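Following: one structure in structure tokens, then a few remarks.
Because the structure is a prediction, the values reported are computed rather than measured. All values below come from the heavy atoms of this structure, side chains included, with hydrogens, waters and symmetry mates left out.
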Amino acid sequence: MVRKSFLFKGIVHRFIAGDTLAEALPVCEALTAKGFLTSLDYLGENTKSEDEAIAARNTYIEMLHTIAKSPCAKATNISIKLTQCGLDQGEEFAKKNYFEVLEAAQELGNFVRVDMEGSAYTKTTIEIIECAWQHYKNTGTVLQTYLHRTPQDVQTMIKLQARTRLVKGAYLEPEEVAYKDKSKVDEAYVECGKELMQKAFYPAFATHDEKIINTLKAFAQEEKIDKSRYEFQMLFGIRRDLQESLLKEGYNVRVYVPFGVSWYPYFTRRLAERPANIWFIVKSLVKG
């Protein structure tokens, strides 16, 4: 009903760049023409078969080749999920698909970000990144500050010097593995953010929280950390006003651009699992 309803169409188009790569790439081109960086994300996760995972892998590689021919090539990378590479069908199978994507990206001079999924996959994702790093330096991952284990994972990424995106976390998790209190999540974000800013290689701070952004900006100024050493990241369609203002201030700003027919889980996760995001989306529509 939601997918077909005209009532939702405008909202969905605000946050999803299209069903196909052909629809999404011009969005990246328009953003990069303004000075933004972009990360193209083919939506989907938890493939049900090896054939489905191989099809996703082939789409990732197609994305890389298409980006390479585009005016946005130097400013656009891709984000992928290991469960979309077939992690549920087997770790070695998923690694093979992931490594083939990395090989294509390396040949084309591009970067592949591995999105972090639910906590059941966190340990395995970190281990696969460590394995990949032995052969490929054009990859990195995402850490979620609502997880209790994240400070330890921050140190792992600092040791590797792999590019790390920091987020609060959007999956519904039990108390034994994740903070439930927003203030605890925010506190952990700032602490991990400062550690990454000082010691990591080109970290990315993915948040629309102005208070946290301002705290990290102030910390960077105090520590004399140049703006070129990190970037802020935001979702396509959310707080465009804040994206524009950060860009004007001279910060690197990357817009996360999702596309694909599997947008429904992506969109509804931000509503169903974290109901506060309904108000957040309403506010973002009003603020721009």
Side-chain angles (χ1 to χ4, degrees), residues 37 39 77 79-83 87 98 102 111-134 136-209 211-235 251-254 256 274:
L37 304 168
S39 186
N77 59 37
S79 293
I80 73 172
K81 288 183 173 64
L82 290 181
T83 65
L87 189 54
Y98 168 43
L102 289 181
F111 173 81
V112 178
R113 177 90 63 183
V114 176
D115 285 334
M116 190 60 73
E117 304 180 65
S119 62
Y121 298 103
T122 304
K123 181 175 182 291
T124 302
T125 299
I126 296 293
E127 290 173 349
I128 290 176
I129 294 294
E130 290 181 290
C131 181
W133 196 254
Q134 298 175 45
Y136 303 99
K137 301 295 191 277
N138 61 326
T139 193
T141 193
V142 181
L143 299 179
Q144 303 165 325
T145 64
Y146 69 167
L147 297 181
H148 301 319
R149 62 169 289 153
T150 296
Q152 175 186 339
D153 293 332
V154 164
Q155 295 307 317
T156 298
M157 291 299 106
I158 288 173
K159 184 178 179 181
L160 284 183
Q161 289 292 288
R163 285 169 58 177
T164 303
R165 172 199 288 153
L166 196 64
V167 301
K168 291 185 181 182
Y171 291 82
L172 185 63
E173 299 287 0
E175 287 188 20
E176 56 266 28
V177 301
Y179 296 116
K180 293 297 183 180
D181 184 74
K182 180 183 181 300
S183 64
K184 286 284 189 182
V185 178
D186 291 355
E187 181 182 341
Y189 194 108
V190 171
E191 289 177 0
C192 291
K194 289 179 177 180
E195 188 75 358
L196 287 168
M197 192 173 276
Q198 285 185 310
K199 301 175 183 178
F201 173 67
Y202 196 66
F205 304 107
T207 180
H208 307 92
D209 189 322
K211 183 178 179 181
I212 287 179
I213 289 171
N214 289 334
T215 298
L216 292 177
K217 285 165 60 178
F219 178 76
Q221 291 172 357
E222 291 168 7
E223 297 297 315
K224 295 181 172 55
I225 299 170
D226 193 80
K227 293 175 183 177
S228 64
R229 288 175 49 189
Y230 60 93
E231 69 183 30
F232 290 110
Q233 295 188 356
M234 297 187 191
L235 298 173
Y251 291 96
N252 295 321
V253 182
R254 189 177 302 273
Y256 184 92
R274 296 176 69 83

Closer than 3.5 angstrom, by distance alone: can the side chain of T164 be matched with the main-chain N or O of P203 as a donor-acceptor pair? no
Give the ring-plane orientation class for F232 versus Y251, where under 30° counts as parallel, over 60° as perpendicular and anything between as tilted. perpendicular
Does any non-hydrogen side-chain atom of I213 lie less than 4.5 Å from one of F205? no
Taking side chain as C-beta onward, heavy atoms only, is Y230 less than 4.5 Å from L216? no
Looking only at side chains, do D226 and S228 share a donor and an acceptor under 3.5 Å apart? yes
So, R254 and E231, do they make that salt bridge, N to O below 4.0 Å? yes
Quick one: do K182 and V185 satisfy side chain to side chain contact (heavy atoms under 4.5 Å, CB included)? Show the steps, please. CA-CA 5 Å; K182 180 183 181 300; V185 178; 5.6 Å; no
Is there a side-chain contact between V114 and V142 (heavy atoms, below 4.5 Å)? no
Between H208 and Q233, is there a donor-acceptor pair closer than 3.5 Å when you use the side chain of the first and the backbone of the second? no
Residues, nucleotides or ligands: over 12 heavy atoms within 6.0 Å of K180 NZ: yes
Using a 4.5 Å cut-off on heavy atoms from C-beta on, say whether the side chain of Q198 contacts that of F219. yes
What I'd like to find out is whether the side chain of L143 reaches to under 4.5 Å of the side chain of T122, using heavy atoms alone. no
K168 to Y146, cation-pi by 6.0 Å centre distance and 45° axis angle: no
Closest non-hydrogen atom pair, K137 against W133: NZ-O, 2.6 Å
Does atom CD of E175 have more than 12 heavy-atom neighbours from other groups under 6.0 Å away? no
Distance-minimising heavy-atom pair for A132 and L102: CB-CD1, 3.9 Å
Strictly by modelled atom types, are T145 and Y179 linked by a side-chain donor-acceptor pair under 3.5 Å? no
Polar side chain donor-acceptor pair, S39 to S79, under 3.5 angstrom: yes
Report yes or no: do Y256 and D115 form a side-chain donor-acceptor pair below 3.5 Å? yes
Could you walk me through whether T156 and E130 pass the side chain to side chain contact (heavy atoms under 4.5 Å, CB included) check? CA-CA 9 Å; T156 298; E130 290 181 290; 3.5 Å; yes
Please report the C-alpha distance between T207 and V167 in whole Å, then the side-chain angles of each, then the deciding distance to 0.1 Å, and finally whether the side chain to side chain contact (heavy atoms under 4.5 Å, CB included) criterion is met. CA-CA 6 Å; T207 180; V167 301; over 6 Å; no
Cation-pi check, R163 to F111: give yes when NZ or CZ is under 6.0 Å from the six-membered ring centre and within 45° of the ring axis, no otherwise. yes
If you define the side chain from C-beta out and look only at heavy atoms, does anything of Y202 sit under 4.5 Å from N252? yes
Using distance alone, with no hydrogens and no angle criterion, decide if Q144 and E173 have a side-chain donor and acceptor under 3.5 Å apart. no
Look at the side chain of T125 and the backbone N and O of M116, then say whether any donor-acceptor pair between them is shorter than 3.5 Å. no
Keeping Q161 on the side-chain end and K199 on the backbone end, is there a donor-acceptor pair under 3.5 Å? yes
